[in-house]
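First up is the structure itself, then whatever we jot down about it.
Counting convention: from 1, in listed order, for ligands and their atoms alike. Since the model is a prediction, treat every value here as computed from it, not as a measurement.
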Amino acid sequence: MEITDLRVIPIAYTLPDGEGLGDARGFGHERETTLVRIDTDDGTVGWGEAFAPGRIVASTVEELFRDAVIGMDPFDVESLAERSYTDPYHFGGSVFVQSALSAIDIACWDIIGKSVGRPVYRLLGGTERTSLLPYASTMYYTERDRPITEPMEAAVEEGFTAAKIKIGTGTDEDIERVRTAREILGDDARLMVDMNGNYRPRQAIRTAKAIAEYDITWIEEPVPPENPSGYREIKQRIDTPLAAGEAHYGRFEFKRLIDDRLVDIVQPNLARCGGLSEARTIADMATTENVAVRPHVWNSAVGLAAAVQFAASVSEYPHTRNIPDPMMVEFDRSPNPLRDDLLESPFDPSGGSLTVPQEPGLGIEIDETELEAYRTDR
Ligand SMILES: [Mg+2]
């Protein structure tokens with residue numbers, strides 16, 4: 001089998017005026033990502049996603065990957081990571097190279113799965129999981145004044161039993177948001193908080209101690225990803241587990257997080273970390289050191305599908321299936337047609353369970369008519 005075509009497809013969704021999505025760092029007004037479509041000589045089509053701006057992905061693909069990918073057998077997918085480090089020596093490990101690589105890697109795995117008639121998670125290792133626990137990413141800061149209760153009530157109504165909320169703008173407001181979320185979710189649900197790296201270590205420690213009574217499953221990015229000593233300081237002073245990884249990429253960055261015990265949970269984004277191949281290496285390193293793996297998802301339906309396949313593939317070993325800490329997948333609850341409208345059958349997290357597709361490859365079918373509507377290169 002040979003790859004005959006490689007297309008880079010930038011897509012975006014602009015949020016309505018006044019509906020920006022807020023975290024502790026500020027508001028975002030656009031969901032932008034980049035898909036890659038790969039065709040083979042036997043007519044198989046694979047899809048991947050790069051969590052990076054379209055023009056950067058397109059030029060990176062042209063400069064570094066196209067010549068190697070056209071004519072390649074998709075089963076040689078893991079040679080691409082090596083190539084990313086050897087051919088453009090000195091910058092192969094950069095975030096945009098790894099993002100472009102992620103998209104090509106995911107598309108190749110999609111093709112391999114379709115070619116052998118198996119879902120990707122069973123090719124990456126395979127577990128007996130056929131469903132995953134989705135957690136609602138919600139309670140963003142809003143531009144318009146709204147009751148903070150609304151998004152969490154909606155998540156509970158949908159059946160979520162786990163949720164992650166934005167905090168990080170001051171301890172008093174953090175406490176109020178966490179208390180509200182816990183009240184609505186109930187005592188048995190899992191509640192995570194995300195500071196988006198907005199604090200200095202002492203500020204994060206102050207909030208962490210103040211919200212500990214609300215039983216927090218993890219604190220995400222308390223300090224910037226560039227501040228490992230901050231993670232170390234926080235970890236020594238609080239009991240709540242720490243999580244990070246959405247801003248990290250490649251096995252070497254994750255190795256530091258894992259080996260230095262900076263976090264309890266690593267959160268690779270499949271469309272940035274280097275793809276499914278690299279994520280598998282990251283998961284092996286993490287589980288070997290008894291660090292949990294929970295993929296970060298802030299992607300279109302393709303990146304979400306890759307995260308679902310990846311999450312389903314990660315074994316509990318060295319634990320048993322009785323570990324009281326099940327695999328979870330992030331499921332953003334803000335309106336996003338790039339997640340909901342691009343698939344013939346969108347993922348459905350309602351009822352607090354996410355079915356792992358058993359169809360070959362990523363198990364998704366792209367609605368190409370819908371896709372055209374969100375392209376930014378037309
Ligand atoms: Mg986050």
Does a side-chain N-to-carboxylate-O contact under 4.0 Å join Glu158 and Arg333? yes
Examine all N, O or S atoms of Asp23, backbone included, and report whether one is under 2.8 Å from the Mg ion (ligand 1). no
Give a rough value, rounded to 10 degrees, for the angle at the Mg ion (ligand 1) between atoms OE1 of Glu246 and OD2 of Asp194. 170°
If we ignore hydrogens and angles and just use 3.5 Å, is the side chain of Asp332 paired with the main-chain N or O of Ser334 as donor and acceptor? yes
Dump the intermediate steps for side-chain contact (heavy atoms from CB on, under 4.5 Å) on Ile38 and Asp5, then the final yes or no. CA-CA 6 Å; Ile38 289 179; Asp5 195 14; over 6 Å; no
Please verify the inter-ring angle class for Tyr13 with Tyr374; under 30° counts as parallel, over 60° as perpendicular, anything in between as tilted. perpendicular
N/O/S from Glu220 sitting under 2.8 Å away from the Mg ion (ligand 1): yes
